[in-house]
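Residue numbers start at 1 and run along the sequence shown.
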Amino acid sequence: MRLDVVSIFPAYLAPLDLSLIGKARRDGLLDVRVHDLRDFTHDRHRTVDDTPYGGGAGMVMKPEPWAAALDSIAGQADSRPTLIIPGPGGQRFDQQMARELAGRSHLVFACGRYEGIDERVYQRAARDFDVRIVSLGDYVLNGGEVAALAIIEAVARLLPGVIGNAASLVEESHEDGLLEYPVYTKPDHWQGHSVPEVLLSGDHGRIAAWRHEQRLQRTAARRPDLLPRPAAASAGELNIVV
Ligand SMILES: COc1ccc2nc(C(=O)O)sc2c1
């Protein structure tokens with residue numbers, strides 16, 4: 001998978017050199033290219049923003065640098081890329097979208113700042129990209145970089161070879177609609193707290209059943225909205241102990 005990220009703060013994307021994403025890049029599983037939007041300006045001050053038409057607070061990102069950056073990337077693309085523009089008004093990102101994006105060969109992230117990107121950039125980008133406006137949630141960040149990092153990590157970890165043990169992807173939160181079960185490690189007694197006996201039993205059938213029940217209980221207690229209807233009863237009805 002090729003990933004391009006365009007930002008006026010390329011250093012914000014430095015975490016993509018670390019940990020599993022960094023290793024995937026070094027292993028050739030990911031081709032990640034970070035671009036400084038200011039490299040696509042032509043004035044002495046490398047200007048990327050200007051005042052909004054119609055007035056209002058803040059500044060708007062100019063269309064010309066974005067068009068030059070996206071044209072450059074589109075010109076290098078082997079196939080029609082997906083352009084992800086993080087924004088508070090976007091479609092809510094979730095694990096299903098992560099799985100869908102993991103099936104694409106080329107993702108491009110346009111990280112806005114200020115009050116956003118001139119609307120004409122979105123319209124023009126639709127010529128060369130499948131454009132998706134995506135939000136992490138119902139809150140507002142200062143720009144798209146943090147959202148891009150989160151989306152990239154959620155997508156890249158689903159690619160074959162990125163996570164060493166693919167089995168660990170199976171019973172994760174949201175992978176099959178339930179939250180994950182609690183995990184424990186040594187010591188078996190710690191500050192008056194013991195590991196549940198079933199986990200020390202060696203009975204894999206009992207362990208699997210206990211873990212599934214824990215997932216149901218946790219989901220009902222913390223995220224009943226994830227449970228299939230009509231099973232999405234209140235925690236009290238299910239006698240849930242958090
Ligand atoms: C100007 O660019 C922004 C501003 C806020 C913002 N908030 C996001 C979110 O996912 O909540 S993405 C994003 C991009």
Inset, instruction - Flag the pair Asp78 and Arg2 as a salt bridge only when some basic side-chain nitrogen lies within less than 4.0 angstrom of an acidic carboxylate oxygen. - result: no
Legend entry - Residues which pass salt bridge (charged side-chain N to carboxylate O under 4.0 Å, His left out) with Arg38, listed by chain and number, not counting sequence neighbours: none
Legend entry - Ion pair Arg92/Asp94, N-O distance below 4.0 Å: no
Legend entry - Side-chain ion pair, Asp31 and Arg33, N-O less than 4.0 Å: yes
Inset, instruction - List, by chain and number, the other hydrophobic cluster members for Ile207, where Ile, Leu, Val, Met, Phe, Trp and Tyr join if side-chain heavy atoms come within less than 4.5 Å, directly or indirectly. - result: Tyr184, Val195, Val198, Leu199, Leu200, Trp210
Inset, instruction - Tell me yes or no: between the side chains of Gln217 and Glu213, is some donor less than 3.5 Å from an acceptor? - result: yes
Inset, instruction - For the residue pair Thr41 and Lys62, establish whether any side-chain heavy-atom pair is separated by less than 4.5 Å. - result: no
Legend entry - Any donor-acceptor N/O pair, Ser194 side chain to His189 backbone, under 3.5 Å: no
Legend entry - With Ala77 via side-chain contact (heavy atoms from CB on, under 4.5 Å) - residues at least two apart: Pro81, His106
Inset, instruction - Spell out, as yes or no, whether a donor-acceptor pair under 3.5 Å connects the side chain of Arg104 to the backbone of Thr82. - result: no
Legend entry - Set of salt bridge (charged side-chain N to carboxylate O under 4.0 Å, His left out) partners for Glu153, sequence neighbours left out: none
Legend entry - Residues in salt bridge (charged side-chain N to carboxylate O under 4.0 Å, His left out) contact with Asp49, at least two apart in sequence or another chain: none
Legend entry - Residues in salt bridge (charged side-chain N to carboxylate O under 4.0 Å, His left out) contact with Glu197, at least two apart in sequence or another chain: Arg206
Inset, instruction - For Arg218 and Leu179, indicate whether the former's side chain and the latter's backbone hold a donor-acceptor pair under 3.5 Å. - result: no
Legend entry - Any donor-acceptor pair under 3.5 Å from Ser19 side chain to Ile21 backbone: no
Inset, instruction - Measure the shortest side-chain to side-chain distance between Leu149 and Leu13 over non-hydrogen atoms and say whether it is less than 4.5 angstrom. - result: yes
Inset, instruction - Check whether any side-chain heavy atom of Leu16 lies under 4.5 Å from a side-chain heavy atom of Leu30, and answer yes or no. - result: no
Inset, instruction - Give a yes or no on whether a salt bridge exists between Asp71 and Arg124, defined as a side-chain N under 4.0 angstrom from a carboxylate O. - result: yes
